[in-house]
Peer 1: 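Pasting a structure below so you can have a look.
The figures that follow rest on heavy atoms only: side chains count, while hydrogens, waters and symmetry mates do not. One is the number of the first residue; the rest follow in order along the sequence.
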Amino acid sequence: MNSNVKRRALEPKNMFCSMLKKKVSVLVEYDDYKNRNNKGFPGTYYCENIISCYGAGKRCRYSGISPLYPDPLIPEEFSEEDR
């Protein structure tokens, strides 16, 4: 196998949405995944609330309206401090 070939991977994660004030599930896409210890940088985030937030016009980077909106997702392990 050619080691220069990029592989993609999806990983489910729980995150805290500071906009909705609740825990959400997201899929994180890694564009250059090597193995579980070397995932590369996270690329696209797919949030479980994309349809409802899009319909509600939420100004979130992941609502599908504009990637220029702020990122409300906080890793779950840091969410206790930010609630």
Side-chain angles (χ1 to χ4, degrees):
M1 183 166 136
N2 185 347
S3 63
N4 294 330
V5 174
K6 289 187 175 186
R7 294 187 302 165
R8 292 180 179 218
L10 291 173
E11 177 183 48
K13 284 195 171 211
N14 290 321
M15 305 203 57
F16 182 78
C17 177
S18 60
M19 187 175 288
L20 299 177
K21 306 284 189 242
K22 68 177 189 176
K23 185 172 76 168
V24 296
S25 297
V26 298
L27 279 176
V28 181
E29 182 178 40
Y30 294 92
D31 292 329
D32 192 16
Y33 181 87
K34 306 258 188 298
N35 59 52
R36 68 177 167 179
N37 296 322
N38 183 5
K39 298 175 186 173
F41 291 104
T44 306
Y45 283 66
Y46 301 98
C47 181
E48 69 176 330
N49 293 306
I50 187 170
I51 294 171
S52 58
C53 287
Y54 176 84
K58 296 281 185 190
R59 293 179 171 242
C60 165
R61 175 177 296 174
Y62 309 110
S63 67
I65 300 169
S66 173
L68 301 177
Y69 286 144
D71 181 353
L73 298 179
I74 301 166
E76 190 177 36
E77 59 268 21
F78 300 114
S79 67
E80 293 298 323
E81 301 169 7
D82 296 318
R83 286 187 191 184

Peer 1: Do the non-hydrogen side-chain atoms of P72 and L20 ever get within less than 4.5 Å of each other?
Peer 2: no

Peer 1: Does the side chain of Y46 reach to within under 4.5 Å of the side chain of L10, using non-hydrogen atoms?
Peer 2: yes

Peer 1: For the CZ atom of R7 and the OH atom of Y33, what is their distance to the nearest 0.5 Å?
Peer 2: 7.0 Å

Peer 1: Return the CE to CD1 distance between M19 and I74, rounded to the nearest 0.5 Å.
Peer 2: 11.0 Å

Peer 1: Quickly, which of E11, K39, R8 forms a side-chain hydrogen bond (donor to acceptor under 3.5 Å, both in side chains) with Y30? Name it, please.
Peer 2: E11

Peer 1: Could you measure the distance from the SG atom of C17 to the NZ atom of K58? Nearest 0.5 Å is fine.
Peer 2: 8.0 Å

Peer 1: Taking OH in Y69 as the centre, count heavy atoms belonging to other residues, nucleotides or ligands within less than 6.0 Å. Is the count above 12?
Peer 2: yes

Peer 1: Take a 6.0 Å sphere around CD1 of I51 and say whether it holds more than 12 heavy atoms from other residues, nucleotides or ligands.
Peer 2: no

Peer 1: Nearest 0.5 Å, what's the CZ-CG distance between R59 and L68?
Peer 2: 11.5 Å

Peer 1: So how far is it from N49 CG to C60 SG, rounded to the nearest 0.5 Å?
Peer 2: 9.0 Å

Peer 1: Are Y62 and T44 packed together at the side-chain level, in the sense that at least one heavy-atom pair is separated by less than 4.5 angstrom?
Peer 2: no

Peer 1: State, to 0.1 Å, how close N35 and N37 come at their nearest heavy-atom pair, and which atoms those are.
Peer 2: OD1-N, 2.8 Å

Peer 1: For P42 versus V28, what's the shortest heavy-atom pair and its separation?
Peer 2: CB-CG1, 3.5 Å

Peer 1: Which pair of heavy atoms, one from N14 and one from S25, lies closest together, and at what distance?
Peer 2: OD1-OG, 3.4 Å

Peer 1: Starting at NZ of K23, measure out to CD of E48 and round the result to the nearest 0.5 Å.
Peer 2: 9.5 Å

Peer 1: Does K13 reach the side chain of L73, with side-chain heavy atoms less than 4.5 Å apart?
Peer 2: no

